[in-house]
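Below is one structure, written out as structure tokens, with a few remarks after it.
Letters A, B, ... mirror the listed sequences (proteins, then strands); counts begin at 1. Just so we're clear, the structure is a prediction, and the values are computed from it rather than from any experiment.
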Amino acid sequence: MPTLLVIPTGIGCALGGYAGDALPAARLLAAASGCLITHPNVMNGAALYWTDPRIHYVEGSALDRFARGAIGLRPVRRQRVGLLLDAGIEDDLRWRHLQVAEGCRASLGLEIGPVVTTEAPLDVSLSQGASGASWGQLGCPEALLRAGQQLKAAGATAIAVVARFPDDSGSAALAAYRQGSGVDALAGAEAVISHLLSRELGLPCAHAPALSALPLDPALDPRAAGEELGYTFLACVLVGLSRAPDLVPLVPGSSECRGFQAPAADLLQIGEVGAVVAPAGALGGSAVLACAERGIPLIAVHNPCVLEVSAEALGLPVLKAGCYAAAAGLLVALREGISPAALQRPLARLV
Amino acid sequence: MSRSAVRLQPVTLRLQRVPGPLTPQIERALAIHGDPLRWAITAVEPGEEQQLTGSVLLIEAVVLV
């Protein structure tokens, strides 16, 4: 039963608020559903990653379009992952990223290339919304898009982007994050970059920030440890994109219909999705609302974050789960045609 | 790529909810500011007597202009 798992980025979710710390939950839900569609924030653990043929790695804006019925997902054996590097990355850090790409070719057998550097620094800046969610800006979006177009023209079928992010090694926010509280300050800007590129090019895309290495912190929260194993966040992105599904436009006449193709048997579409799983306080995103408006069962999981956009606040019918293990149980029930209400007591009379 | 110049603009808006699906309401409100790239409802202020209609949604977004 195809299932969407959404854990929005940059809102400080207790589970999923760090790089890749929702991976165990994703693996569990993939096993429970048999087919999980989720986004890089869930799957990317910097130097850590996990591959599972039941999990489809779909960038956030593509996930939104999938949920709206504008695109379908076509599984592939492999993607040719073009590497897009920000001209603002210093030479030594650039070499570190190139060597990760070489390592993924040599040790994992991934098809990577070509490599294109933007004509100007992307000039990434970070910000925080009124809600406390992280957001960000890109000073030179056209340079990003031109480099992406070059990669697509050169045969890349997916794009890994590495942008230089501002170092804030002395900030209180970073110190709090490393010790297990607060919000991932980078996540909002990362999402803007990958959304822009994926939407404009129609290719699977994902982003890794380029940052200077941080000094050792013995008090590091276990959820942040995956982010400090190496010099880059790139390996997980390359692995995720290497088997990300193709994004196939479905709506003739829309701006997304360039290269429109008739649906094929192996094309996964929103009408086949049997459930969507999201944090109980973060139900106001585009993909979750689109699914709810289609009547797809929504499982709201207790997963505290900085938002309080709940089912009650929005008037959405949901199945409540106290944790992701409980959500997995609900998925199995839905998959097997067991009414979740029959699993609860008291069981109300029909009349 | 049809755009000759792309600029990203952060937008925060308050939207009073009316009956009907939320997504079209939000997209219509954001379209006034540009082409929505990424958005989310980040807070909800309840309407009178806790009614959904009339509640105010805080939307945070980035649009293309």
Measure distances from P46(B) to the heavy atoms of chain A and classify the residue's part below 4.5 Å as side chain, backbone, both or neither. neither
Hey, are R68(A) and T23(B) close enough side-chain-wise for a donor-acceptor pair under 3.5 Å? no
For residues V124(A) and L138(A), determine if any side-chain heavy atom of one lies less than 4.5 Å from a side-chain heavy atom of the other. yes
With a 4.5 Å limit on heavy-atom distance, are the side chains of L64(B) and L196(A) in contact? yes
Heavy-atom pair count under 4.5 Å with chain A, highest-scoring of V44(B), V62(B), L52(B), L58(B): L52(B)
If you tally heavy-atom pairs under 4.5 Å against chain B, which of A130(A), S61(A), G136(A), A292(A) wins? A130(A)
Measure L22(B) against the heavy atoms of chain A and call it side chain, backbone, both or neither at under 4.5 Å. both
Identify which part of E27(B) has an atom lying under 4.5 Å from any heavy atom of chain A, answering side chain, backbone, both or neither. side chain
Heavy-atom contact with chain A under 4.5 Å, split by part of T12(B): neither
Residue part contacting chain B, namely of I11(A), when any heavy atom lies under 4.5 Å: neither
H33(B) side, atom NE2; Q9(B) side, atom CD - distance, nearest 0.5 Å: 9.5 Å
Quick one: do R38(B) and E59(A) make a salt bridge, cutoff under 4.0 Å? no
Is it the case that the side chain of Y177(A) and the backbone of Y18(A) share a donor-acceptor pair, with hydrogens and angles ignored and the cut-off at 3.5 Å? no
Report which part of L57(B) has an atom under 4.5 Å of a heavy atom belonging to chain A: side chain, backbone, both, or neither. side chain
Taking all heavy atoms of I193(A) and all of A163(A), pick out the closest pair and write down the distance. CD1-CB, 3.9 Å
If you tally heavy-atom pairs under 4.5 Å between each of V192(A), V288(A), V309(A) and chain B, the highest tally belongs to V309(A)
